[in-house]
Amino acid sequence: QVNLVESGGDLVQAGGSLRLSCTVSGRPFRRYGMGWFRQAPGKERTFVASINWNSIRKYYGDSVQGRFTISRDNAKNTVYLQMNSLKPEDTAVYYCAASRANSASVNARDYNDWGQGTKVTVSS
């Protein structure tokens with residue numbers, strides 16, 4: 001059983017920054033590829049960013065490319081999402097996910113375990 005706990009969500013003004021964290025417990029963290037997804041009110045869950053086990057492969061959704069950065073610290077069993085230049089359209093619940101395939105997939109169906117989400121609200 002893998003447990004993922006996100007933190008760092010908050011209310012921030014447009015142009016501001018936040019850093020989300022996701023701590024994983026239950027299995028060796030370095031075996032997992034990790035991803036961040038988000039779901040805005042009334043919309044489907046969408047891909048934000050992903051990273052493979054050794055941080056060599058990183059992928060980003062088109063809408064966050066250049067503004068968000070994903071990273072991981074395998075010693076701390078934690079993956080991060082640094083979000084800069086936030087926009088109101090970034091408002092969503094952000095979910096951390098773990099892939100046992102140890103890939104950096106952009107597809108939600110490739111992720112086996114999910115956190116409960118952390119809410120990010122960006123005011124204009």
Exercise for the section: Would you indicate whether the side-chain heavy atoms of S63 and R38 approach each other to under 4.5 Å? Expected result: yes

Practice task
Could you list all the disulfide (SG to SG under 2.5 Å) pairs where at least one residue sits in residues 32-75, not counting sequence neighbours?
Solution key: none

Fill in the blank from the handout: Sequence neighbours excluded, the answer for side-chain hydrogen bond (donor to acceptor under 3.5 Å, both in side chains) partners of N74 is R72

Problem - Flag side-chain contact, heavy atom, 4.5 Å: V12 against M83 - result: no

Problem - Residue list, side-chain contact (heavy atoms from CB on, under 4.5 Å) with E89, at least two apart or on another chain - result: K87

Practice task
Taking side-chain hydrogen bond (donor to acceptor under 3.5 Å, both in side chains) as the test, write out the residues that go with R67, two or more places apart.
Solution key: D90

Practice task
Might you confirm whether atom CD of Q116 has over 12 heavy atoms from other residues, nucleotides or ligands at distances under 6.0 Å?
Solution key: no

Fill in the blank from the handout: Residues passing the side-chain contact (heavy atoms from CB on, under 4.5 Å) test with S71, sequence neighbours excluded, are Y80

Problem - Pairs meeting criterion disulfide (SG to SG under 2.5 Å) with involvement of residues 6-95, two or more places apart - result: C22-C96

Practice task
Write out all pairs satisfying salt bridge (Lys or Arg N to Asp or Glu O under 4.0 Å) with one or both partners inside residues 4-18, taking only residues at least two apart or from two chains.
Solution key: none

Practice task
Find out whether V2 and Y32 are in side-chain contact, i.e. whether some heavy atom of one side chain is under 4.5 Å from a heavy atom of the other.
Solution key: yes

Completion exercise
d(W114 CH2, F37 CZ) to nearest 0.5 Å is 4.5 Å

Problem - Straight-line distance of L20 CG to Q82 CD, nearest 0.5 Å - result: 9.0 Å

Practice task
Could you list all the salt bridge (Lys or Arg N to Asp or Glu O under 4.0 Å) pairs where at least one residue sits in residues 101-114, not counting sequence neighbours?
Solution key: R100-D113

Completion exercise
Those residues at least two apart in sequence (or on a different chain) that pass side-chain contact (heavy atoms from CB on, under 4.5 Å) with N77 are F29

Exercise for the section: State plainly whether one hydrophobic cluster holds both Y95 and Y59, where clusters connect Ile, Leu, Val, Met, Phe, Trp and Tyr through side-chain heavy atoms under 4.5 angstrom apart. Expected result: yes

Problem - T91 side chain to V122 backbone, donor-acceptor under 3.5 Å - result: yes

Completion exercise
Contacts of S123 meeting side-chain contact (heavy atoms from CB on, under 4.5 Å) (sequence neighbours excluded), chain-then-number -> L11, Q13

Handout entry: Qualifying residue, where the test is side-chain contact (heavy atoms from CB on, under 4.5 Å) with M34 and the options are L81, I51, T78
Key = I51

Practice task
Sort and list the pairs that fulfil side-chain hydrogen bond (donor to acceptor under 3.5 Å, both in side chains) and have at least one residue in residues 41-53, not counting sequence neighbours.
Solution key: N52-N54

Exercise for the section: May I ask whether F47 and I70 are part of the same hydrophobic cluster, defined by side-chain heavy atoms of I, L, V, M, F, W, Y residues being less than 4.5 angstrom apart, directly or through others? Expected result: no

Problem - Validation row, ring centre F68 to ring centre W36 under 6.0 Å - result: no

Handout entry: Donor-acceptor contact present, side-chain Y111 to main-chain G33, <3.5 Å
Key = no

Problem - Considering all heavy atoms, the nearest S17-N84 contact - result: OG-OD1, 2.9 Å

Handout entry: Within residues 48-65 or reaching into it, pairs that qualify as salt bridge (Lys or Arg N to Asp or Glu O under 4.0 Å) - sequence neighbours excluded
Key = none

